[in-house]
Amino acid sequence: MRLWQEGWLTDYGAEGEAFLSGKANIMELLTLKGGWGRNRRFEIKDGHVRINRNGQDPETSLTIKNGQIVEIQDIEHPAQNRSARIVTTKAWNESKRMKTDAVRTIQRYDTYSNLPSEGAFYEVTGLRIGKHKGTLRQIAKRARFVREEFLYDNGQQAYVWTPYRKGFRVYRPNGKPWMRVTAKVRRPWKRTQNLLQKVQATLGNIAGDEYRWSDEPNYEIRLYDEQGRQYGYGKIENHQRVGLWRQGKAKRYFMMGIAVSRELYYAGPGDLDPGEVLKTGNTQLRAALMKKIGPERLLKKLPFVACDADGDNQLLKADMKSIFMQDDQSMEQIRVSNRLDEQIAIAVLKCPSTGQLYYLRVPPRLKKVEHARQWLCGIDIEGVEEEYIRDRWMMPADAGRRELSPSEQEAMKNEIARAKQQEKLEFVTEA
Amino acid sequence: MKAYRHGEMVLIPVPENLQSQWQDLYEQAGQKMKSPRVIAEGEITGHKHELVGGQVDATTLNEDSTMAKGTKTSGYVSRRSFLRTLGIGAIAGPVVLLKVAKAATLRHPEHNALPIPAGRYVAFAQREYDETMARRVVD
């Protein structure tokens with residue numbers, strides 16, 4: 001095998017990686033870059049291989065006899081004297097000294113373009129699923145990643161993941177199902193151990209936070225016991241955990257991704273007080289509870305009036321006293337600065353991505369849904385829109401409508417003129 | 001004034017005339033964010049608004065944020081006065097000064113991906129009305 005002797009790689013302007021293949025234990029050479037030998041794999045029986053990574057230290061030289069590496073030399077050039085060489089020689093047996101469970105990396109690749117044309121390009125032995133040891137492999141075909149597999153030491157397959165499957169299953173060493181995810185699992189090949197960690201974590205605790213398995217909006221996770229009976233279950237809708245998530249006796253209840261109490265989860269629409277729900281601080285929880293109540297029931301139960309609507313978005317208003325009870329503690333905190341503050345205004349806005357309705361409180365002075373959207377985004381719309389400026393001048397808080405003196409009229413006109421010069425908020429994109 | 005909205009987060013590109021003020025605030029805000037790509041974290045859902053790809057750097061201005069030197073004409077600039085000049089009212093919670101050197105994509109598990117062109121931005125969470133003050137929208 002004259003071609004593989006020292007110097008070949010650099011003579012051909014190629015870079016390379018040398019490694020031992022899994023079971024055959026035969027020295028192989030994989031060329032990564034360079035014209036002629038790009039992404040090709042060769043077996044080497046006898047010879048020397050020099051691995052030169054763009055001329056950077058350390059250069060490594062391998063001596064191979066009968067397909068086995070017998071000696072490794074790391075060659076470094078000291079910074080002070082680049083022509084000098086520091087050669088570290090070690091026998092292969094010495095460098096192989098590692099723990100039983102140690103991770104042995106064949107080679108990791110950062111991009112698709114660098115994958116070998118065929119075969120396993122990443123292999124880790126001694127990993128575990130539960131208490132069962134096995135080997136993880138990532139395999140390429142035609143220089144593309146095609147699958148990741150985990151084999152138990154008894155030869156049974158724990159899982160195979162391919163980028164195009166609609167589901168993902170993990171089996172026990174006895175061949176019985178262990179876990180099933182009914183969604184395309186997002187590509188894990190770059191961070192293969194993340195997938196394994198995810199498997200381990202999910203098997204350990206589905207009721208915890210290890211639930212994001214896929215970029216798909218809707219999917220399910222099922223766990224099975226040693227007899228193959230389902231004992232764990234969780235469901236994702238619209239990227240959010242919903243319903244009952246259970247693993248054995250552990251149970252958690254979710255509404256729109258938020259963990260809630262069992263009582264709240266099973267509460268019927270009639271059991272919830274819309275007034276109380278509107279006071280909920282977290283908008284996501286408020287939206288989830290409102291979803292349960294339903295917009296029609298809200299309008300039926302509370303005297304809200306739709307002041308303005310724009311598609312699915314609405315601006316609702318009601319008298320605050322009709323929403324909150326007089327003896328309510330929160331009423332004491334309310335600073336009634338003008339008559340309009342005795343009203344409560346809710347902007348009901350539909351999320352363009354999820355289609356969910358959010359109920360957000362806005363100043364009661366606002367008259368249009370679009371103004372409410374702008375106010376929520378930080379625009380003090382009352383200082384920008386002419387109608388609010390006029391209202392402020394002509395209807396002060398402590399009195400009804402009044403006539404303005406000529407000087408006041410002039411001041412109001414100036415303010416309106418200044419406001420018109422201000423740039424309005426324009427949404428480029430919403431998601 | 002243009003704006004990008006991603007769930008409860010609002011990103012406003014800084015206009016040309018306020019770039020120097022933004023830069024002063026950015027430099028004087030002190031420590032840069034450890035993970036500038038995460039501009040907001042979900043408080044109970046755990047879902048983040050995260051910038052993917054491109055080149056991003058960011059710093060946070062808290063409500064009691066330090067004053068910045070400002071330009072020769074503007075004098076000292078505080079977070080409040082800068083936002084006011086930008087046309088933004090009182091904002092509760094942190095304001096992120098975001099520098100996108102190369103276009104990135106804003107992602108969140110529940111929302112569609114939003115391409116963010118290169119530029120300087122002010123990012124903050126939507127506010128909500130409260131009788132006593134405006135409060136931050138949290139999910």
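This one's a predicted model, so the numbers in the text were calculated from it and none came from an experiment. Labels below follow one simple rule: chain letters A, B, ... track the order of the sequence lines, proteins then strands, and each chain is numbered from 1.
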Straight-line distance of B/Arg5 CZ to A/Cys351 SG, nearest 0.5 Å: 6.5 Å

B/Tyr129 side, atom OH; A/Leu376 side, atom CG - distance, nearest 0.5 Å: 13.0 Å

Stepwise side chain to side chain contact (heavy atoms under 4.5 Å, CB included) test for A/Arg373 and B/Gln126: CA-CA 9 Å; A/Arg373 286 176 69 214; B/Gln126 281 186 348; over 6 Å; no

Greater than 12 external heavy atoms within 6.0 Å of A/Lys292's NZ: yes

Region of B/Ile12 that comes under 4.5 Å of a non-hydrogen atom in chain A: side chain

Residues that B/His6 engages under ring-ring contact (aromatic ring centres under 6.0 Å, His included), provided they are two or more places apart: B/His49, B/His111

Test ring-ring contact (aromatic ring centres under 6.0 Å, His included) applied to A/Tyr253 - qualifying residues, sequence neighbours left out: A/Tyr265, A/Tyr266

Flag if over 12 foreign heavy atoms under 6.0 Å of CZ, B/Arg37: yes

Exercise: identify the closest heavy-atom pair between A/Asp380 and B/Arg127: OD1-NH2, 2.8 Å

Distance (rounded to the nearest 0.5 Å) between A/Ser353 OG and B/Leu114 CG: 8.5 Å

Most contacts with chain A, counted as non-hydrogen pairs under 4.5 angstrom, among B/Pro115, B/Gly89, B/Ala113: B/Gly89

Contacting moiety of A/Cys377, where chain B heavy atoms sit under 4.5 Å: both

Contact class of B/Arg84 relative to chain A, heavy atoms under 4.5 angstrom: side chain

Atom pair CD (A/Gln240) and NE2 (B/His47), whose distance is rounded to the nearest 0.5 Å: 7.0 Å

Greater than 12 external heavy atoms within 6.0 Å of A/Lys235's NZ: no

Leading residue by heavy atom contact count with chain B [cutoff under 4.5 Å; candidates A/Ile381, A/Val362, A/Thr354]: A/Val362

Flag, side chain of B/Glu128 to backbone of A/Leu360, donor-acceptor distance under 3.5 Å: no

